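Okay, structure first, notes after.
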Protein chains: 2
Amino acid sequence: MAENDCRTNLIAAAIPMFAAKGLNGVSVRDIAREAGVNLSMISYYFGGKEGLYAAVLTDQFASLLKIEDIDRMEVDTLQKFEMYVRAIVTRYREYPYLLRFYTSELTNPTPCFETIVKPAIKRVIEILITAFSKGFSHQEFRDNLHPVDSVLSLAGMINFYFLIEPVTEGLIDHSQNRDEELIRHIMDIFTRGVLKS
Amino acid sequence: MAENDCRTNLIAAAIPMFAAKGLNGVSVRDIAREAGVNLSMISYYFGGKEGLYAAVLTDQFASLLKIEDIDRMEVDTLQKFEMYVRAIVTRYREYPYLLRFYTSELTNPTPCFETIVKPAIKRVIEILITAFSKGFSHQEFRDNLHPVDSVLSLAGMINFYFLIEPVTEGLIDHSQNRDEELIRHIMDIFTRGVLKS
DNA sequence: ATAGTCCGGTCATTCGTTTGATTGATGTTG
DNA sequence: CAACATCAATCAAACGAATGACCGGACTAT
């Protein structure tokens with residue numbers, strides 16, 4: 001049997017459960033049963049329920065840092081923004097539960113917020129601000145734009161689209177088929193919104 | 001003694017507690033203690049913990065329906081969008097915990113989501129879509145825009161700004177002083193983003 | 001009096017954690 | 001080679017604490 005099987009099974013089982021109901025909405029017994037593993041393995045491998053939750057969050061948010069790559073690329077500002085939007089969409093498709101942890105921690109923060117979630121999100125926002133400021137100093141954007149507001153507008157458009165899905169599932173097709181159209185749409189509005197004339 | 005004092009105190013105490021930690025993150029004993037009220041009053045007035053939570057959500061989301069007014073006003077489409085953004089900002093200032101319930105239910109839905117939260121949010125989105133479609137048929141907006149995507153972009157910009165506050169509090173001033181600048185900024189990007197050339 | 005309101009106390013569950021025993025694989029020693 | 005020791009991994013069982021719900025009685029104002 002593969003080593004660390006218990007550990008792996010526990011994390012795999014915990015991800016969708018914590019994502020759906022939050023840290024306090026799931027019991028360790030439910031997780032252990034779902035993982036097909038003995039209850040005490042949670043304390044054994046993770047030091048307790050919160051440790052398992054922290055391991056899940058670490059796993060999920062590690063993927064977000066692929067966005068670091070954008071910071072190092074030699075492309076123009078608007079291309080960087082499109083790469084960001086594309087990266088977010090890709091992340092949420094690869095990690096269907098990431099956004100749940102993202103917003104759950106923003107709304108009902110646990111001790112993991114300060115240590116895991118906030119640094120990861122902050123890093124992404126800072127990368128966007130840096131990109132915007134560079135374009136701004138090159139006079140690409142309108143003078144009266146505020147870098148943080150502008151960047152948060154873009155981030156809001158793409159993140160909110162996924163967040164609001166439980167409400168809009170009857171109004172619009174949220175499948176992967178439409179991702180390209182969505183990206184084009186958001187970049188279209190944002191580009192015309194910030195570019196000069 | 002004021003009538004319904006217990007009931008009122010319980011709701012008032014429960015709002016910030018449920019908002020901060022979610023339905024499962026708070027115990028009825030904590031709420032009762034904070035309200036200065038006997039524990040059994042929760043069952044007496046609300047039939048249990050979930051009943052109290054439902055009462056809190058009903059109270060919070062009732063305020064959102066003031067946005068219905070926008071639907072009936074005889075102003076042009078872009079003005080309606082600005083009224084929406086203004087209404088959202090005003091709601092979040094008057095009800096500092098509304099957004100927490102909003103996103104908490106979107107992320108970790110309770111039985112209240114289908115009955116209280118989803119209908120309220122859906123109604124607001126439909127009002128925006130109606131407004132957009134009207135402007136669209138009047139050829140105000142660019143042809144290749146999708147009504148739902150466009151409307152969600154606007155809603156995303158303003159809602160995400162407040163949602164992300166715990167991360168950006170060091171980067172930008174989130175006080176009420178800057179609300180007008182924020183509204184102008186978002187409307188600026190959105191207007192240029194959707195209007196014809 | 002009596003209906004509405006409030007309270008202390010208690011119920012059965014469920015919670016997260018811990019214990020002590022057992023397993024099986026590996027290494028060590030005579 | 002055989003007997004023993006060591007170790008991490010796993011298990012069933014149990015722990016005490018906390019949970020949400022509820023009961024019967026007491027208070028209060030009409």
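Here is how names work: the chains are called A, B, and so on, in the same order as the sequence lines, proteins then strands, and each is numbered from 1. These numbers were taken from a predicted model, which means no experiment stands behind them.
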Tell me the side chain to side chain donor-acceptor pair (under 3.5 Å) pairs involving residues 106-116 of chain B, sequence neighbours left out?
A:Thr103-B:Thr107, A:Ser104-B:Asn108, B:Glu105-B:Thr110

Restricting to pairs with a member in residues 89-130 of chain A, which pass ring pair (Phe, Tyr, Trp, His ring centres under 6.0 Å), not counting sequence neighbours?
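Sorted result for residues 89-130 of chain A: A:Tyr92-A:Phe162.
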
How many whole angstroms separate atom [atom1] of [X] from atom [atom2] of [N]?
X       : N      : atom1 : atom2 : value
A:Met17 : C:dG16 : CE    : P     : 11 Å
B:Leu39 : D:dG20 : CG    : P     : 9 Å
A:Leu52 : C:dT17 : CG    : C1'   : 14 Å
A:Leu23 : C:dC15 : CG    : P     : 13 Å
A:Asn9  : D:dT10 : CG    : C1'   : 13 Å

Taking atom [atom1] of [X] as the centre, does the number of heavy atoms from other residues, nucleotides or ligands within less than 6.0 Å exceed 12?
X        : atom1 : value
A:Lys80  : NZ    : yes
A:Glu34  : CD    : no
A:Glu126 : CD    : yes
A:Glu181 : CD    : yes

Contact residues, residues 24-38 of chain B to DNA chain C [heavy atom, < 4.0 Å]
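Correct list: B:Arg29, B:Asn38.
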
Heavy atom of residues 41-51 of chain A under 4.0 Å from DNA chain C: which residues?
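The stretch gives A:Ser43, A:Gly48, A:Lys49 as the residues lying under 4.0 Å from the strand, ordered by number.
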
Do the side-chain N and O atoms of A:Thr8 and A:Asp5 include a donor-acceptor pair separated by under 3.5 angstrom?
no

Nearest heavy-atom neighbours spanning [X] and [Y]:
X        : Y        : result
A:Phe160 : B:Leu152 : CD2-O, 3.8 Å
B:Lys49  : B:Val26  : NZ-O, 2.7 Å
B:Thr77  : B:Ala131 : CG2-O, 3.1 Å

Sorted by number, the residues of residues 107-114 of chain A with heavy-atom contact under 4.0 Å to DNA chain D
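Contacting residues: none.
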
Tell me every residue that passes ring-ring contact (aromatic ring centres under 6.0 Å, His included) with A:Phe141, counting only those two or more places apart in sequence or in another chain.
A:Phe132

